[in-house]
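So the structure is just underneath, and the comments pick up after that.
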Amino acid sequence: MNQLEGNWEMPFIPEGRKVFVVSSENKYMREAQRVAQSFSLDPEHQTGAVLIKKKECLGIGANGSHWHEKHGCERKRLGIATGQGYELCEGCHPKNHAEQKAIRNTLANNGDTKGADLYLWGHWWCCEGCWEAMMAAGIDNVFLVEKANELFSGKRINFEEE
């Protein structure tokens, strides 16, 4: 496990918070990948999250909604950059992000998110709305896969195809 400091610049990270990176072989990261590939509603940017506490998976979440299929993406129409204007598009709203869906899934199953760790596969940073939700839920640590900025800021890859 490596602490992510200086490896790449993220569009947003709260003061005092750190992001950690793990290998693509990490069992929790592989589960986040499975969640992304199985449940994401965004075929271009499959993202999955799992909440882990005491080596147990408490909840899962995958990004997306059916909004874009019916209405398109308002942010794309307006040319808004990544990390900005999520509130302008119902389909892009942070409530549809993998992190927040994993939190809701955990709570729906009567899980306790306080002290849990979140593993995120398919993206290279967490937006401000997701950070706020994770901090309110008491999530301790956020883990990304090694080289997530290279893997997910452009072309998507599947580790099983490497």
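Contact record, Gly91 with Ser65: CA-OG, 3.6 Å, taken as the closest heavy-atom pair. Looking at every heavy atom in both residues, Glu99 comes nearest to Cys126 through OE2-SG, 3.4 Å. Closest approach of Met29 to Ser23, counting heavy atoms only: CB-O, 4.0 Å. Contact record, Ala36 with Gly48: CB-N, 3.3 Å, taken as the closest heavy-atom pair. Residues Gln46 and Gln37 approach most closely at OE1-CG, 3.7 Å, considering heavy atoms. Here the closest heavy-atom approach between residue Arg75 and residue Cys89 is recorded as CG-CB, 4.0 Å.
Note: Cys92 SG to Gln84 CD = 12.5 Å, rounded to the nearest 0.5 Å. Atom OH of Tyr28 is separated from atom CD1 of Ile52 by 5.5 Å, given to the nearest 0.5 angstrom. For the atom pair CG (Leu88) and CG (Leu78), the distance works out to 6.5 Å, reported to the nearest 0.5 Å. Between atom OG of residue Ser38 and atom CD of residue Gln33 there is a gap of 9.5 Å, rounded to the nearest 0.5 Å. With rounding to the nearest 0.5 Å, the separation of CG in Leu41 from NE2 in His68 is 11.0 Å. Remark: Glu128 CD to Ile13 CD1 distance equals 12.5 Å, nearest 0.5 Å.
The main-chain N or O of Ala137 is found under 3.5 Å from a side-chain atom of Thr113 such that the two form a donor-acceptor pair. Without hydrogens or angle criteria, Lys53 side chain to Lys114 main chain gives a donor-acceptor distance under 3.5 Å. Under a 3.5 Å cut-off, the side chain of Asn109 and the backbone N or O of Asn105 do form a donor-acceptor pair. With hydrogens and angles ignored, the 3.5 Å screen pairs a side-chain donor or acceptor of Lys101 with a backbone N or O of Gly64. At distances below 3.5 Å, not a single donor-acceptor pair connects side-chain atoms of Arg104 with backbone N or O atoms of Gly61. Side-chain N or O atoms of Asn63 include one that pairs as donor or acceptor with a backbone N or O of Thr47 at under 3.5 Å.
Taking the side chain as every heavy atom from C-beta outward, Arg17 and Met135 approach each other to under 4.5 Å. Using a 4.5 Å heavy-atom cutoff, the side chains of Tyr119 and Asn26 are in contact. The shortest side-chain heavy-atom distance between Leu144 and Met10 falls under the 4.5 Å cut-off. Side-chain contact between His71 and Glu90: absent, with no pair of heavy atoms (C-beta onward) separated by less than 4.5 Å. At least one side-chain heavy atom of Trp131 sits less than 4.5 Å from a side-chain heavy atom of Phe12. Within the 4.5 Å cutoff, no side-chain heavy atoms of Lys147 are placed close to those of Trp124. Considering only heavy atoms from C-beta on, Ile139 comes within 4.5 Å of Ile103 through its side chain.
Between the side chains of His97 and Gln100, no donor-acceptor pair of N or O atoms lies under 3.5 Å.
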For this session: Start with the C-alpha distance between His45 and Ser40, add both sets of side-chain angles, then the distance that settles side-chain contact (heavy atoms from CB on, under 4.5 Å), and finish with yes or no.
Result: CA-CA 8 Å; His45 303 286; Ser40 177; over 6 Å; no
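In the hydrophobic clustering of this structure, Val22 groups with Ile60; members are Ile, Leu, Val, Met, Phe, Trp, Tyr whose side-chain heavy atoms approach within less than 4.5 Å, directly or through other members.
The only member of Phe39, Phe143, Phe152 that meets ring pair (Phe, Tyr, Trp, His ring centres under 6.0 Å) when paired with Trp121 is Phe152.
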